[in-house]
Amino acid sequence: MSFYTNPYAEELRKTARAMMAPNKGILAMDESHGTCNKRFQKLGIPTTEERRRAYRQLIVTTPGLHQFISGAILFDETIRQSTDSGTPFVQVLQEAGIIPGIKLDQGAKDLAGHPGEKVTEGLDNLRERIAEYYQMGARFAKWRAVIAIGEAIPSRACLDANAHALARYAALCQEGGLVPIVEPEVLIDGDHSIERCYDVTQETLHTVFDQLYRQEVAFDQMILKPSMVISGLESPAPASVEQVAEMTIRCLLNTVPASVPGVAFLSGGQSNEQASAHLNEMNAKYGDRCPWRVTFSYARAIQQPALDYWRGNDANVPHAQQLLLHRARCNSAASMGQYSPDMEKQPALV
Ligand code: 13P
């Protein structure tokens, strides 16, 4: 045990609590250029900085978004951008009561000697980057590790390397005043069973929390962003909503310390309705057994209908914003165990 006391500790606890406010979740809008451009290309939207700015403007200026969203994760380009009238996006979010966050990882790269596996990079100069983002108004951060499931993977090398990087990132964040979102994503790609996903997710989370402990990351000043325990997209026996909820919560109860303030899932390629239904089932059935808040930190499962409708056309902004708000509202309800598929028929209330 070291004698290090972090002057930011109380602020970090307060930020984490605000991120995990009842009724709310986190909006991931931190797609890298590569990912954002790929999604734009599919819809014929020009892959320019200006169109990316216009799209992110649509999101941050959505009226009423703060009712359901506590924090928004931004990409480096986005945190430096402003609205048409010159107001920085960070200020727009702050004025709406939404906490700005920043993606700090620099992407998953091939892991040497391990075909099919990745390790996330971005630790170089991280202390300096954190200081700059804090000064710009960010109060939390995210780092995503990806774990693929295959015949002989994940390897121990992949789990250890990714967990170590996550822990070093998280310790640096806490030192610099940013609440770390720790995101080990077990990928949904493949034909694996839900049982296989359970085993891999449990091993991943044990490894991650072991490394977080070794690096003396304060569990009460971080958020976990896991994937759900779910069958692979090409599985011949897709798991039911009840199975996903039961096995995900069991896995988390076995691995996540009670002092962690919250668990905020990624959507990871699930359909919009599935992502809401799974989160809802977890809260409705097991909410009273969980020591942490269980909510969402979705990108695709909040944004996709809005992006599909907008298609780069500014005349479509108001309706696209309604679609975004609708998904935020459905997931907010799911985070309280109050979602039902009937909500899909109702327009969002602004
Ligand atoms: P999805 O919800 O689209 O999986 O994205 C969440 C995220 O932030 C991935 O890093």
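For ligands, and for the atoms within them, numbers begin at 1 and follow the listed sequence.
Near K225, with a cut-off below 4.0 Å to any heavy atom, the atoms of ligand 1 are 6 (C), 7 (C), 8 (O). Every atom of ligand 1 is numbered from 1 in the order shown, and the set under 4.0 Å from a heavy atom of E183 is 7 (C), 9 (C), 10 (O). Interface of K142 with ligand 1, defined as ligand atoms under 4.0 Å from a residue heavy atom, comprises 7 (C), 8 (O), 9 (C), 10 (O). Counting atoms of ligand 1 from 1 in the listed order, those under 4.0 Å from a heavy atom of A299 are 1 (P), 2 (O), 3 (O), 5 (O), 6 (C). Applying the 4.0 Å criterion to heavy atoms of Y298 picks out, from ligand 1, the atoms 2 (O).
For A28, every heavy-atom contact with ligand 1 shorter than 4.0 Å involves the side chain, none the backbone. Using a 4.0 Å cut-off between heavy atoms, R300 contacts ligand 1 through both its backbone and its side chain.
Judged purely by distance below 3.5 Å, without hydrogens or angles, the side chains of S231 and Q243 never pair a donor atom with an acceptor atom. The closest side-chain donor-acceptor pair between R327 and S276 falls under 3.5 angstrom. If you check the side chains of Y4 and E175, you find no donor sitting under 3.5 Å from an acceptor. Side-chain N/O atoms of Y339 and E344 include a donor and acceptor closer than 3.5 Å.
Looking at atom 1 (P) of ligand 1, its nearest protein heavy atom turns out to be S267 OG, 3.3 Å. The single protein non-hydrogen atom nearest to atom 4 (O) of ligand 1 is G268 N, 2.6 Å, given as residue, atom name and distance.
With respect to the salt-bridge test (charged N to carboxylate O, under 4.0 angstrom), the residues E185 and K118 do not qualify. Classification of E77 and K103 as a salt-bridged pair fails, no side-chain N sitting under 4.0 Å from a carboxylate O.
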* To do: For the pair Q303 and Y55, evaluate side-chain hydrogen bond (donor to acceptor under 3.5 Å, both in side chains) and give the outcome as yes or no after the intermediate values.
  => CA-CA 10 Å; Q303 293 184 42; Y55 178 57; 2.7 Å; yes
